[in-house]
Amino acid sequence: MSKRRPYIRPMDGWWKKNPFFIEYVIHESTAFFVLAYALTLLVGLVRLGQGETAWSAWLASLKTPLAIVFHVCLLAGAVYHAFSWFKLMPVTLPPVRIGGRKLRADEIVTGGFVAAVAGAAFIYLLVWGLA
Amino acid sequence: MSDPGKIIEIEVLRYNPENDEAPHSTVYKVPFTDDMSVLQGVQYIKDNFDGSLTFRWSCRMAICGSCGMMINGVPKLSCETFLRDYYPNRISLEALAHFPIEKDLVVDWSGFMEKLESVHPYIIPKEKRSPEEGEYLQTPEQFGEYIRYAACINCTLCYSACPQFGLDPDFIGPGALAILHRYNMDSRDGGATRRMELVASEEGVFTCSAAAYCSEVCPKHVDPANAVNINKINASKDYFLRFLRPKGES
Ligand code: FES
């Protein structure tokens, strides 16, 4: 008779057991901050559709201290989300070649950051120009 | 300089299927020198304290891939990890995470072996050639496409680093998928279509949530997370392009 009795260890609390996984769960969770901001903008769009009074009320509600604190938190969450997302890019992208040479991991990460900052600055200036 | 008087505490998660309901820890005080690996530490325990302690090893030089274990919760090859780097703290050793424990530090690898087999881990020639036609030629660039993934030694540290494999033992997993990718990327190989069904299957690449710890712990820098994620793109392309391909094409 076989004496085998393989023991399967439980997975409970797996993410608390290793700092790498704690960071992983945190950076994945920051997606909710991005979601929350998307919903905020969506509410704005709906209010805009409801007419001028609704829109002005929505704009005013954004100026309350609570809304400002809320947005600062969202910004921090979104920035961390972007940071972790770019850090992972060398793993998630197929090899990127420029002029026959494969880009190094740090070049891909830096490239991502530069593109993000440039994109954000462009949009900011565009909106500023319009306003 | 090595100091022969040093003693390190090694805590080992023991499990004997014949007597134990569940694994339990035992601490051993092991005298060591600076040149001793963790593997030598457990060998010392086996030789001097308890001959029944069970673990795998062979090459002692980080190439056979058999001596992996959780060292302070991190999957590592015990033959290339040194006791001196943990001293004076206690080291805790446990069988590779996410695999069933067979006995002490030995895990049941049969699931991994089946997965490895399932990826067709060999070259399926693009075109049949007779020996008279000569060898298959490959440029250094073509060689460069897959060599990284060919460095895998099947140590399965990546599986112990993969939470998705821990949660779903049917996931093909980082190691086998990296090997699959290694053959797909080989210019002599024509088996990518045959392997695609597995890549895109329920147990395939989309189980991966890109924690990417596998690439972090890989002792051969294979970057399995990259192989898996490239194949997410490949599988998506394959899925959408099939609507564009003319019908009847093989
Ligand atoms: S004993 Fe072979 S890899 Fe460690």
Side-chain angles (χ1 to χ4, degrees), chain A residues 1-35 80-113 116, chain B residues 13 15-23 70 72-75 94-104 106-111 141 144-145 148 160-169 181 185 208-217 223-234:
Chain A
M1 202 190 83
S2 167
K3 306 271 194 205
R4 288 191 59 199
R5 206 157 49 82
Y7 183 86
I8 297 176
R9 285 160 283 180
M11 278 298 279
D12 311 336
W14 61 270
W15 63 272
K16 287 182 264 177
K17 290 183 190 151
N18 187 315
F20 196 95
F21 292 142
I22 296 176
E23 196 282 329
Y24 162 70
V25 169
I26 292 175
H27 83 234
E28 290 290 304
S29 315
T30 50
F32 287 108
F33 289 68
V34 180
L35 174 72
Y80 190 70
H81 191 77
F83 166 75
S84 60
W85 201 82
F86 287 125
K87 231 178 60 183
L88 211 58
M89 249 186 0
V91 166
T92 50
L93 279 187
V96 186
R97 282 197 186 74
I98 291 184
R101 190 179 73 84
K102 244 193 220 167
L103 287 192
R104 289 193 317 270
D106 58 311
E107 292 170 328
I108 296 179
V109 176
T110 317
F113 277 124
Chain B
L13 192 74
Y15 173 65
N16 180 346
E18 291 186 47
N19 308 322
D20 302 335
E21 260 324 298
M70 304 304 285
N72 284 359
V74 177
E94 183 178 330
L96 282 177
H98 309 153
F99 290 101
I101 304 181
E102 196 68 51
K103 184 168 190 272
D104 296 334
V106 168
V107 295
D108 178 6
W109 262 331
S110 45
E141 284 73 33
E145 290 293 334
R148 169 170 222 186
S160 295
C162 175
Q164 296 304 337
F165 170 64
L167 296 166
D168 174 10
H181 190 60
M185 294 305 285
C208 164
S209 59
Y213 194 36
C214 54
S215 292
E216 201 79 13
V217 304
D223 204 353
N226 191 223
V228 172
N229 281 283
I230 291 174
N231 279 289
K232 287 180 189 170
I233 301 172
N234 291 348

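Order of the sequence lines fixes the chain letters, A, B, ..., with proteins taken first and strands second; residue numbering starts at 1 for each chain.
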Exercise for the section: Answer yes if the side chains of B/Asp20 and A/Tyr7 hold a donor-acceptor pair under 3.5 Å, and no otherwise. Expected result: no

Q.
Within the structure provided, determine whether B/Glu21 and A/Arg5 are in side-chain contact (heavy-atom separation under 4.5 Å).
A. yes

Okay, B/Ala161 and chain A: the region with an atom under 4.5 Å from a heavy atom over there is backbone

**Request:** Ignoring hydrogens and angles, tell me if any N or O in the side chain of B/Asp223 forms a donor-acceptor pair with the backbone of A/Val91 under 3.5 Å.
**Result:** no

Counting heavy-atom pairs under 4.5 Å with chain A, the top scorer among B/Val107, B/Asn226, B/Asp108 is B/Asn226

Bottom line for B/Val228: the part with an atom under 4.5 Å from chain A's heavy atoms is neither

Okay, B/Leu167 and chain A: the region with an atom under 4.5 Å from a heavy atom over there is both

- Could you tell me whether a side-chain N or O of A/Arg9 sits under 3.5 Å from a main-chain N or O of B/Phe99, the two making a donor and an acceptor? yes

| said: Donor-acceptor check, side chain of B/Asn229 to backbone of A/Thr92, threshold 3.5 angstrom: yes or no? | reply: no

Legend entry - From CA spacing to verdict: side-chain contact (heavy atoms from CB on, under 4.5 Å), A/Arg4, B/Glu18: CA-CA 8 Å; A/Arg4 288 191 59 199; B/Glu18 291 186 47; over 6 Å; no

Heaviest contributor of heavy-atom pairs below 4.5 Å to chain B, chosen from A/Lys102, A/His27, A/Arg97, A/Lys17, is A/Arg97

Interface check, chain A: of B/Ser209, B/Ser215, B/Cys208, B/Gly144, most non-hydrogen pairs under 4.5 Å belong to B/Ser209

Next on the checklist: With heavy-atom distances below 4.5 Å as the criterion, would you say the side chains of B/Glu102 and A/Pro6 are in contact?
Outcome noted: yes

If one checks every heavy atom of B/Glu145 against chain A at 4.5 Å, the contacting part turns out to be side chain

Tell me, yes or no, whether the heavy-atom count around A/Trp14 atom CH2, taken from other residues, nucleotides or ligands under 6.0 Å, exceeds 12. yes

Query raised in the report: Do B/Tyr213 and A/Asn18 come close enough that some side-chain heavy atom pair is under 4.5 Å?
Result: yes

Max heavy-atom pairs within cutoff under 4.5 Å with chain A, candidates B/Gly73, B/Ala210, B/Ala225, B/Pro163, goes to B/Pro163

For B/Ile230 and A/Pro95, the nearest pair of non-hydrogen atoms, with its separation, is CD1-CD, 3.7 Å

